[in-house]
Amino acid sequence: MTRHDDTSHIHPPKRSEEPFKSLAMPIERASTVVFDDLESFERRVERLYDGFSYGLYGTPTSRQLEDHIAALEGGSRALVVPSGMAAITLTTMAVCHGGDRVLIPETFYGPAREMAARLLAPFGIDTVTYDPKLDGRLSALIDGRTQLVWVESPGSGTFEVQDVPAITAAAHEAGALVAVDNTWASHLLFKPLKHGVDVSMQALSKHAGGHGDLLMGSVAVNDESLFRRLKDTARFLGYGVSPEDCALCERGLMTMPVRMRQADSTALNIISWLSERPEVAQILHPSEPDHPGHLTWKRDFAGSAGVFSFVLQPELAPHQSEALRRMRLFRLGASWGGVHSLISVSDPRKGRSGLDWLKPGPVWRLSIGLEAVGDLLADLSQAFEHFAETRQTTVGDAKAAE
């Protein structure tokens, strides 16, 4: 049939049906999904959970990534959403409703704590923060209105390790669900679903993406009804993911084990170097014998990630800016888990209690990338040379004053 040029520009010739196989994930983009007959079109809502009804609700590309994540997590189902923050919001809103309570640790991701105050509270969902060191004693805070307990282990900034099995037992006994932000460890170092947790969440922007150019989050579960609640809530919130981003994430997963092992190895070398520096007051890493939750980490985790913090001596606080300015490889940035090494400076004491174990002084968080360890140590040395010069000047001034 001869077609007008206008039509031919929209409808290309039929593609060859010869099989095509590639190692790369195929990228299939869509908003509209078309159907072969009226019956299929009218029953498209039945395809929300396992089929394809509209691009926003899933494409073959996003479903392949979700199936892969579910398998890696040891779960039956997974869902990918636009960010780790979206995954936290989705999980909480799928489980909690007006009049309910949700418990979150004081170490929880900062923007998520703000979300709880500014988004959940107006919906009548109460948020209670708790000391991450409570572990099984958390049961005292769980009442009949508590529907969800969040865990982040290790916690943001200070890296306390929580006893997930103990917390899960206490929550389940009271009828509450448990969700774990497992981004630091990922499924490689800790599998929450294997420890009885209901929802395992990750910010795929970090280790999985691995290159600082991807925003995505995931939730994995073993319960089909919970998965459908999450899927429906994601649909009503309008959460969708780009197939291009899914392909980037799938590619990142392929190299993730190698990257994480290398970053951890480098991090442990840097920790050894920092431990000898007089400018450092404390190392915040689960492998440290005196770190909160160290024994739990040894019991439950398969290793550590290349992200940790350390505390500088208090008198160095005014000199941080110049020290950071001297560095060339470590860049100031709030994210982590990628191939580039990053530094984040913060004060984790704000809004926290039970931090008597944390020594005074500025806290620097390092995310170790894939640069050579010698180069990273040389870069850190530039900052610490400034600190050393500052300390010598301070001592000299004190002696002169005598």
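Note that the structure is predicted; figures quoted are calculated from it, not measured.
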Donor-acceptor pairs under 3.5 Å, side chain of residues 185-197 to any protein atom, not counting sequence neighbours: which ones?
residue: S186; atom: OG; partner: L188; partner atom: N; Å: 3.1
residue: H187; atom: ND1; partner: Q202; partner atom: NE2; Å: 3.0
residue: K191; atom: NZ; partner: H187; partner atom: O; Å: 2.7

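Residues passing the side chain to side chain contact (heavy atoms under 4.5 Å, CB included) test with A170, sequence neighbours excluded: S139. Applying the side chain to side chain contact (heavy atoms under 4.5 Å, CB included) rule to L48 yields the partners V45, S53, Y57, R235; only residues at least two apart in sequence or on another chain are considered. Residues satisfying the salt bridge (Lys or Arg N to Asp or Glu O under 4.0 Å) criterion with E28, sequence neighbours excluded, are absent altogether. Applying the salt bridge (Lys or Arg N to Asp or Glu O under 4.0 Å) criterion to E106, with sequence neighbours excluded, gives R352. Residues that satisfy the salt bridge (Lys or Arg N to Asp or Glu O under 4.0 Å) test with K21, not counting sequence neighbours, are absent from this structure.
Between D143 and T146, the side chains place a donor N or O and an acceptor N or O closer than 3.5 Å (distance only, hydrogens not considered). In this structure, a donor-acceptor pair under 3.5 Å is present between the side chains of E73 and S200. Side-chain atoms of S381 and W273 include no donor-acceptor pair closer than 3.5 Å.
The minimum heavy-atom distance linking P105 with P132 is given by the pair CB-CB, 4.3 Å. Closest of all the heavy-atom pairs between R325 and R328 is O-NH1, 2.8 Å. Residues V102 and L120 come closest through the heavy atom pair CG1-CD1, 4.3 Å. In plain terms, the two heavy atoms of P348 and V363 that are nearest each other are CD-CG2, 3.7 Å.
Put simply, CZ on F330 and CD on Q382 are 11.0 Å apart, with the number rounded to the nearest 0.5 Å.
With respect to Q162, the side-chain contact (heavy atoms from CB on, under 4.5 Å) criterion is satisfied by exactly one of D300, L134, D135: D135.
Taking the six-membered ring where tryptophan is involved, the planes of F310 and F308 are tilted, since the angle between them lies from 30° to 60°.
Here the side chains of M25 and L65 are in contact, with some heavy-atom distance below 4.5 Å.
The environment of OH in Y49 is crowded: more than 12 heavy-atom neighbours from other residues, nucleotides or ligands sit within 6.0 Å. By the 6.0 Å contact criterion, NE2 on H294 is enclosed, its count of non-hydrogen atoms from other residues, nucleotides or ligands being greater than 12. Summarising the local packing, CZ of R113 is surrounded by more than 12 heavy atoms from other residues, nucleotides or ligands at distances under 6.0 Å.
The closest donor-acceptor contact from the side chain of W184 to the backbone of V307 lies under 3.5 Å.
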Item checked: CA sep, side-chain torsions, deciding dist, call: D163, R299, salt bridge (charged side-chain N to carboxylate O under 4.0 Å, His left out) -> CA-CA 10 Å; D163 191 333; R299 182 192 71 192; 2.8 Å; yes
